[in-house]
Amino acid sequence: MKINVTLPDGTIREYEQGATAMDVALSISEGLARNVLSAKVNGEVRDANRPLPGDCTVQLLTWKDDEGKATMWHSSAHLLAEAVEALYPGTKFGIGPPIENGFYYDIDLGDKVIGDGDFKAIEDKMKELAAKKETFVRREVPKAEAIAYFKEKDDEYKLELIDGLEDGTISFYTQGNFTDLCRGPHLPDTSPIKAMKVLSVAGAYWRGDETRKQLTRLYGISFPKQKELDEYLVLLEEAKKRDHRKLGKELDLFTFSEKVGAGLPLWLPKGAALRERLINFMKTAQEKSGYVQVATPHIALKQLYITSGHYEKYGQDSFRSISTPHEGEEFMLKPMNCPHHCEIFASRPRSYKDLPLRLAEFGTVYRYEQSGELHGLTRVRGFTQDDAHLFCRPDQVKEEFVKVIDLVLLVFRALGLNDYEAQISLRDKVDRSKYIGSDENWEKAETAIIEAAAEKGLKTFIEYGEAAFYGPKLDFMVKDALGRRWQLGTIQVDYNLPERFELEYVGSDNARHRPVMIHRAPFGSLERFLAVVIEHTAGRFPLWLAPEQAIILPISEKFNETAHRVGELLKECDIRAVIDERNEKIGRKIRDAEMAKTPFMLIIGEKEAGAGTISVREHGQGDLGPMSPDQFRMLVEERIKASLSGAVH
RNA sequence: GCCUUUGUAGCUCAGAGGUAGAGCACUUCCUUGGUAAGGAAGAGGUCGCGGGUUCAAUUCCCGCCAAAGGCUCCA
C-alpha cells in the first residue's frame, strides 16, 4: 500500500505507508532533510518525524518559514525547561510557547530567585543538552495517565492544564530526561538548536490572571547558527542605541522630573519644536480636508463623564476627581476630548447640510496609568492627542473614512513609514449582544470601512470580535526601520456617544436623526508618535521636521560676523539654522554637529567670506562643496519636497 | 499594582564598613585653526529619600520614591 504526497509545487510523489515528512525531505535531497524543522501536512503543522496520515499535501518547513521558526523556538523552550529542571530540581512548569522573537517558559522555582547572573549556567546546560542530539518523542497518553504523571511530579500547573483537556487528545513530548505535556509540534531532535541565549527574566501571572500566583518567566531565543544569534544581538544593540529615551536625552528633546511626577514628560526646546512642527503639519492637512479647530478646557464636571459612560467604565483608573469649595461639586481632569466635542455639536441645532462636522483639537488628556505601566514617551499620564471627531450621516461614513485614510497615509509618507497594514476590527460573527447600535448601521459602517480600505488599496486583514462595543474600527500597524511593529493611527466609528449625548440633526425630511461619530487620531498621541519617529529615524529626522536644519560653523571667531549675516539670510527663506560661535577648531565643531545629527553643516572661512559662498556638509554624507546661500536654499527645498513627495496634494 | 534588576557630579560609569574617583560636558585663560575630539587651570556630589544596626553607613538591613525588563489593562 502506497500513499500519494502532493508537494507545494504540485508534484505528486509516492511513498510507503507510514512514511514521514522527513522521508519526503530525504527523497528530495539530504541537504533539505538537514534543514527541515517541521512540516505542514494538510495545512496543519506537525512533527517532521511523525508518520503521514495517508494521501496528503506536505510543505516542508525550515528556518525560512515562520512556522519553522516557531517549531524551533517551541523545542528550545522545552530545552530551556530541561536545563532548568536539571539545574533546579523540583521546579514546576507552567507554559512555554514560542513567541514573535524567541520563546519563554513560565516556571515556579519555589523560594529560589533567579537573576541575570544565572543565565550563563542555564545557557551552558542548554548547549550541553542540545549537543546530545536528544530525540523529541511524541506519545499520546490517556488523561488518567497524564494526571498520574504530573501528580507524581506535584506540578499543579500542568494538572490544571490537563484538567481543561479532553481524554484522547493529550500528548506528551520527551527529550532526554524531560517530559512535558505538549501539543507539539517539535523538532526531530535537539541538534538544530545550535546557538541560544536567555534574554531576560520577568514575573508573569499564571494564566495572565492578576489574582493568581506570579511565576518566573524566562525569555530566550535560539538560532540554527551562531552567526545568526550574533546578528540578532547586534540588532538588539541597535534597538538600544535607538531607544527614544536615550536619544531624547542625547538630543535634548525631553526630560522627566521626579518633582513633577512619573509619566509626565517635560518637553525641552528642541522636542517642543518637533511637536510644533507635527501640529502645524497636521493642522494644514486638516484645514485642507475641511476640519475646524476647537479648544476645550482641561477639566470638566464629573457628570460629563458619567453621561459619556467613561466614568463608570474607567473612573477607577483615572485621577481622583477634583473637589471645590462648593459642596458636592466635582471636576475631573479630562481623560479624553470626545465628550467636550459632543457638547460643541449639541451647542445649537444642526442641519443635515452642516454635516459632516469635523471638530479637531490637539487636546491634552490625563489618564492614571499604573506605575509599572509607564514607559518613556510611549506610556505616559499626560499626553496630547491629534484628536478629531467627525459627526456625519450614516451614508457619509465611507467617504469620511476614505479621507481619514488619506490623512493617515500622508503622515506615514512624510515620515518614511512605508511598511504598514491595516487591521479591520469587526463585530463577533456570532455573539452580537455586547454591541450597541442597530444592525443596519453596523452593517453600513462595516461595509463602509471595508470598501474605503479597498478603495485606498490598503493591505488589510479582518479581525472578528475586535470591534469596540460602540463601533467597528480600522487600526494601522506600522513596521519601523528595525522591523518592529507599532500600532499607529486609529479610526473608530461610534454609535454610543451620540446616543448618550442625545445628539441630533434635522434631516432633509425635517425629522430628527442621530449622527454617527467617527473618532480618529492619525498620530494617536504626539508623545507616542514621536517616540516611534525617534526610534524609526534613529534621531535623524526628516529635514522638514528637524528642530535645526542647519548649523553654521565659522572656521574661527573672525568669521562669526559673516556667519550671522548668512544666518539672517537663511532665516528669511525659512531655513532653521543656528550658529556655533564657540572658540573651537572646525574639526571639533563638525564632530559635535554630526553627533547632534544636524542635517546640514555650513562652513564659513576665509574662502567663503571672500566668495560669498558657504561650504555645505551633509550629516552622514560629508562635504558637498561650496555653493551660494541661494543654491543651498534650493537644495533644502528640493530635499523637503522629495521627503514629502506625494504628501502634498 | 505585582515580579526581577537598578539608583554615586549635568552625562556615561568606577569604587569601598573609616564621610569619594575617571572620562565627557561646564567656567576661565592660552590657541584663531579648513571637514568627526587643540592645550592648561578651575568649579562641581548630604553617594535617590527616610528610618534601623554599628564607635562609624554612601556601603549592611527595612520602608518609600524613581528608572529598566516583564505581567495585567487601556478611552
Side-chain angles (χ1 to χ4, degrees), chain A residues 94 99 104 106 108-109 113-118 199-219 240 243 245-246 249-250 252 255-263 305 308-318 334-339 365-376 379 383 385 387 468-470 473 487 490 492 494 496-497 519 521 524-525 553-560 582-596 601-608 615-626:
Chain A
I99 52 177
Y104 68 79
D106 283 346
D108 182 351
L109 292 151
V113 172
I114 237 170
D116 13 340
D118 303 305
L199 294 170
S200 63
V201 56
Y205 298 103
W206 172 233
R207 310 207 116 177
D209 184 344
E210 209 167 328
T211 62
R212 307 203 57 182
K213 188 165 178 185
Q214 189 151 28
L215 306 180
T216 302
R217 174 169 297 179
L218 285 173
Y219 283 91
K240 245 188 226 169
D243 191 313
R245 292 164 299 183
K246 182 171 142 72
K249 206 179 266 180
E250 286 172 7
D252 291 321
T255 187
F256 289 93
S257 154
E258 283 189 27
K259 290 202 183 92
V260 173
Y305 303 106
S308 71
H310 291 116
Y311 186 78
E312 193 197 354
K313 208 156 180 235
Y314 304 106
Q316 287 312 311
D317 304 320
S318 296
K334 74 171 166 185
M336 76 289 300
N337 305 299
C338 16
V365 297
Y366 302 89
R367 301 174 186 176
Y368 188 81
E369 302 290 350
Q370 295 189 97
S371 61
E373 282 306 316
L374 301 172
H375 180 92
R379 203 60 187 242
F383 56 97
Q385 296 177 306
D387 210 359
F469 75 93
Y470 50 78
K473 57 182 182 177
Q487 195 209 304
T490 166
Q492 307 187 353
D494 185 354
N496 182 42
L497 285 181
H519 306 246
S525 89
L553 310 178
I555 295 274
S556 79
E557 287 173 340
K558 280 188 269 182
F559 306 102
N560 282 357
R582 290 176 305 162
N583 175 13
E584 291 291 350
K585 289 170 115 168
I586 193 66
R588 178 52 185 277
K589 292 185 182 180
I590 286 172
R591 178 184 153 81
D592 289 348
E594 287 281 352
M595 305 269 278
M601 285 148 272
L602 310 176
I603 294 153
I604 294 177
E606 200 170 345
K607 278 187 293 196
E608 292 80 3
S615 282
V616 179
R617 181 189 164 102
E618 188 172 3
H619 172 76
Q621 301 295 314
D623 196 359
L624 300 185

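The figures here come from the full heavy-atom set of this structure, side chains too, leaving out hydrogens, waters and symmetry mates. Throughout, protein chains are lettered first and strands after them, A, B, ... in sequence-line order, and every chain is numbered starting at 1.
To the nearest whole angstrom, the two C1' atoms, one in B:rU46 and one in B:rG51, are 16 Å apart. Taking atom C1' in both B:rU53 and B:rC60, one finds a spacing of 8 Å when rounded to whole Å. On the C1' atoms, B:rC11 is 23 Å away from B:rG69, given to the nearest whole Å. B:rG17 and B:rU58: their C1' atoms are spaced 10 Å apart (whole Å). Comparing B:rG44 with B:rA20, their C1' atoms are spaced 13 Å from each other, to the whole Å. For the C1' atom pair drawn from B:rG45 and B:rC26, the interatomic distance equals 15 Å after rounding to whole Å. Using atom P as the reference point in both B:rG23 and B:rA43, the two lie 15 Å apart (nearest Å). B:rA14 and B:rG50: their P atoms are spaced 25 Å apart (whole Å).
Counting only heavy atoms from C-beta outward, the side chains of A:Q385 and A:N337 approach each other to under 4.5 Å. Within the 4.5 Å cutoff, side-chain heavy atoms of A:I603 are placed close to those of A:I586. Looking only at side-chain heavy atoms (C-beta outward), A:W206 and A:D106 stay at 4.5 Å or farther from each other. With contacts defined as side-chain heavy-atom distances shorter than 4.5 Å, the pair A:N496/A:F469 qualifies. Residues A:M601 and A:I590 form a side-chain contact, since some pair of their non-hydrogen atoms from C-beta on lies under 4.5 Å apart. Between A:F559 and A:E608, every side-chain heavy-atom pair lies at or beyond the 4.5 Å cut-off.
Between A:R245 and B:rA68, a side-chain N or O to OP1/OP2 separation shorter than 4.0 Å is present. Phosphate proximity of B:rG69 to A:H375: present, with a side-chain N or O under 4.0 Å from OP1 or OP2. Contact annotation: A:Y104 side-chain N/O to B:rG69 OP1/OP2 distance is not under 4.0 Å. Within the structure, every side-chain polar atom (N or O) of A:K249 is placed at least 4.0 Å from both OP1 and OP2 of B:rG10.
Taking atom NZ on A:K259 and atom P on B:rC64, their separation rounds to 22 Å, with Å as the unit. Remark: P of B:rU35 and CD of A:E618 are 19 Å apart, rounded to the nearest angstrom. Look at CG on A:L553: it is 13 Å from C1' on B:rG33, rounded to the nearest Å.
A residue-by-residue look at A:L215 and A:D243 shows that A:L215 has its nearest nucleotide of RNA chain B further toward the 5' end. Sequence order on RNA chain B of the closest nucleotides to A:Q214 and A:R582 puts A:Q214 first from the 5' end.
Taking only distance into account, the side chain of A:Y205 never meets the base of B:rG70 through a donor-acceptor pair shorter than 3.5 Å. Counting distance only, with no hydrogens placed and no angle test, the side-chain atoms of A:E373 and the base atoms of B:rC71 include a donor-acceptor pair under 3.5 Å. Side chain A:N583 to base B:rG38: no donor-acceptor pair is found below 3.5 Å. Side-chain to base pairing of A:E608 with B:rG34: one donor and one acceptor N or O lie within less than 3.5 Å of each other.
Ranking B:rG69, B:rG34, B:rG1 by closeness to the A:I555 side chain, first place goes to B:rG34. Checking B:rU35, B:rG33, B:rA75 against every side-chain atom of A:I590, the shortest atom distance belongs to B:rU35. In the set B:rG38, B:rG1, B:rA37, B:rG1 carries the atom at the smallest distance from any side-chain atom of A:Q370. You'll find that the side chain of A:I586 is closest to B:rG34, out of B:rG34, B:rU32, B:rG70. Candidate nucleotides B:rC74, B:rG69, B:rA36 were compared by shortest atom distance to the side chain of A:R379, and B:rC74 ranks first. Comparing B:rU35, B:rA75, B:rC71 by their closest approach to the side chain of A:R367 singles out B:rA75. The side chain of A:R217 lies closest to B:rG70, out of B:rG69, B:rU35, B:rG70. Here the side chain of A:A262 is nearest to one of B:rG38, B:rA36, B:rA67, namely B:rA67.
In this structure, A:R217 satisfies the cation-pi test against A:Y104, with its NZ or CZ atom closer than 6.0 Å to the six-membered ring centre and inside 45 degrees of the ring normal.
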Original post:
Please, what dot-bracket string fits RNA chain B when only Watson-Crick and G-U pairs with both distances under 3.5 Å count, crossing ones use [ ] and pairs to another strand use |?
Top reply: (((((((..((((....[..)))).(((((.......))))).....(((((..]....))))))))))))....
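Panel note: side chain A:K589, backbone A:R582; a donor-acceptor pair is recorded below 3.5 Å.
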